[in-house]
Novice: 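Below you'll find the structure I mean.
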There are 2 protein chains.
Amino acid sequence: MKESHAIQALSALAHEHRMAIFKTLMREGPSGLPAGAIGERLELGGSKVSFHVGLMERAGLLRSWRVNRHIYYAVEIDGMRELLGFLTEDCCGGHPEICGALFETAQVCGDD
Amino acid sequence: MKESHAIQALSALAHEHRMAIFKTLMREGPSGLPAGAIGERLELGGSKVSFHVGLMERAGLLRSWRVNRHIYYAVEIDGMRELLGFLTEDCCGGHPEICGALFETAQVCGDD
DNA sequence: TCAATTCTTCAATTACTCTTGAACTGATAT
DNA sequence: ATATCAGTTCAAGAGTAATTGAAGAATTGA
């Protein structure tokens, strides 16, 4: 992953509303949610939701598709995986001790 | 890790100069570098370096100490570990498939 | 004490990001 | 066709963040 892309993705997650949207869509899984439903759950107006999901989509963290009148959004798994890869490789490059906790987390995660 | 703290840390990494500083200090290890040396390596003026390292320190990603006239900065390993923990736990919470690549990365990392 | 070195802080400017509400697009139903 | 619904886009304004250069602190050496 290119560094500038990683920075764009980090920046996309580094906001209260966007983090809330991301978590909501994470829970929802691949079926995603329409923009309106996201707004209702998080009490955000339409254009706010559009602005933030658009930004996250451009950063590669979400994907979207239309179903009739609705536009659905879901987490782009590969985008998040690439971001985590960038961080851990950058982190592990010379300093494996940082990965200690992560290693355990990943194992717990892998066991699910 | 509190979400607002995680957002602060993400935001601290989401900048070209700060990412460069972080990588430089990562390579340097626990012995760190004085502010001036960081500036020389990355061709950044003094107040720029101060501004960015200060922000990263407040976000828990760096620590600093004085040695004579110099102020040294080094990566705060625990801060970075907590951030990665936040991301992976948030990620793994319901969606272990994201951790696939991360799992491998962590293993490679642990083997170093 | 005075000057030099190293770094930080400040105030001003510039640049960017976010919010707001209105106008617009695209799809569907009457 | 017209109206309605779901969502996006736009322009203006508010709010934040980053850069700049100068001034200020802390430390050391002459």
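Throughout, protein chains are lettered first and strands after them, A, B, ... in sequence-line order, and every chain is numbered starting at 1.
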Novice: Taking the side chain of A/Ser47 as its heavy atoms from C-beta onward, which of C/dG21, D/dG7, D/dG21 lies nearest to it?
Specialist: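 Nucleotide nearest to A/Ser47's side chain: C/dG21.
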
Novice: NE2 of B/His17 to CD of B/Glu43: how many Å apart, nearest 0.5 Å?
Specialist: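 Spacing of NE2 (B/His17) from CD (B/Glu43) equals 10.5 Å.
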
Novice: Go through the steps to decide whether A/Ile38 and A/His52 satisfy the test side-chain contact (heavy atoms from CB on, under 4.5 Å), and finish with yes or no.
Specialist: CA-CA 11 Å; A/Ile38 298 171; A/His52 290 300; over 6 Å; no

Novice: Of the nucleotides D/dA22, C/dC7, C/dT20, which has the atom closest to the B/Ile71 side chain?
Specialist: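 My answer, after comparing the listed nucleotides, is C/dC7.
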
Novice: Give a yes/no on whether any side-chain N or O of A/Tyr73 is located under 4.0 angstrom from OP1 or OP2 of D/dT8.
Specialist: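 For D/dT8, OP1/OP2 do have a side-chain N/O of A/Tyr73 under 4.0 Å.
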
Novice: Tell me: CZ of B/Phe51 to C1' of D/dA18, nearest whole Å?
Specialist: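 Computing the B/Phe51:CZ to D/dA18:C1' distance gives 5 Å.
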
Novice: From CD of A/Glu40 over to P of D/dG7, roughly how many Å is that when rounded to an integer?
Specialist: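 My rounded result for the distance is 9 Å.
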
Novice: From the set C/dA22, C/dC7, C/dA27, return the single nucleotide nearest to any side-chain atom of A/Asn68.
Specialist: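 Selected nucleotide: C/dA27.
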
Novice: How many whole angstroms separate atom CD1 of B/Ile38 from atom P of C/dC7?
Specialist: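 These atoms are roughly 9 Å apart.
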
Novice: Please give, in whole Å, the distance from D/dA17 P to B/Arg58 CZ?
Specialist: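 Distance check: B/Arg58 CZ to D/dA17 P gives 11 Å.
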
Novice: Quick one: label B/Gly36 by what it contacts on the DNA or RNA (base, sugar-phosphate, nothing), any heavy atom closer than 4.0 Å.
Specialist: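 Sugar-phosphate only.
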
Novice: For A/Ser11 versus A/Arg18, what's the shortest heavy-atom pair and its separation?
Specialist: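 Looks like O-NH2, 3.2 Å.
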
Novice: Taking NE2 from B/His17 and P from D/dA18, how many angstroms apart are they, rounded to a whole number?
Specialist: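 Those two atoms, NE2 and P, are 11 Å apart.
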
Novice: Please state how far atom CH2 in A/Trp65 lies from atom C1' in D/dA6, giving the value in whole angstrom units.
Specialist: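 These atoms are roughly 16 Å apart.
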
Novice: When we call it a touch if two heavy atoms are under 4.0 Å apart, what does A/Tyr72 touch: a base, just sugar-phosphate, or nothing?
Specialist: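 It contacts nothing in the nucleic acid.
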
Novice: Can you check the B/His52 NE2 to D/dA18 C1' distance for me, whole Å?
Specialist: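 Value for this atom pair: 6 Å.
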
Novice: The side chain of B/Lys48 lies closest to which of these nucleotides: D/dT19, C/dT8, D/dG7?
Specialist: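 Closest nucleotide among those given: D/dT19.
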
Novice: For a quick check of understanding: with a heavy-atom distance under 4.0 Å over all strands, which category does A/Leu55 fall into, base, sugar-phosphate or nothing?
Specialist: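 The residue A/Leu55 makes sugar-phosphate contact but no base contact.
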
Novice: What's the closest nucleotide to the side chain of B/His70 if the choices are C/dT6, D/dA18, D/dG7?
Specialist: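 The nucleotide sitting nearest to the side chain is C/dT6.
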
Novice: Write down the atom of B/Pro30, the atom of B/Ala74, and the distance for their closest heavy-atom approach.
Specialist: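 The pair with the smallest heavy-atom distance is O-CB, 3.8 Å.
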
Novice: What pair of heavy atoms forms the shortest contact from B/Met1 to B/Phe86, and how long is it?
Specialist: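 What the structure gives for the nearest pair is O-CD1, 3.8 Å.
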
Novice: Give the rounded distance in Å between these two atoms: CG of A/Leu33 and P of D/dA6.
Specialist: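 Atom-to-atom, A/Leu33 to D/dA6, this comes out as 15 Å.
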
Novice: Could a donor-acceptor pair under 3.5 angstrom be found where the side chain of B/Arg69 meets the base of D/dT27?
Specialist: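 Indeed, a donor on one side and an acceptor on the other fall under 3.5 Å apart.
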
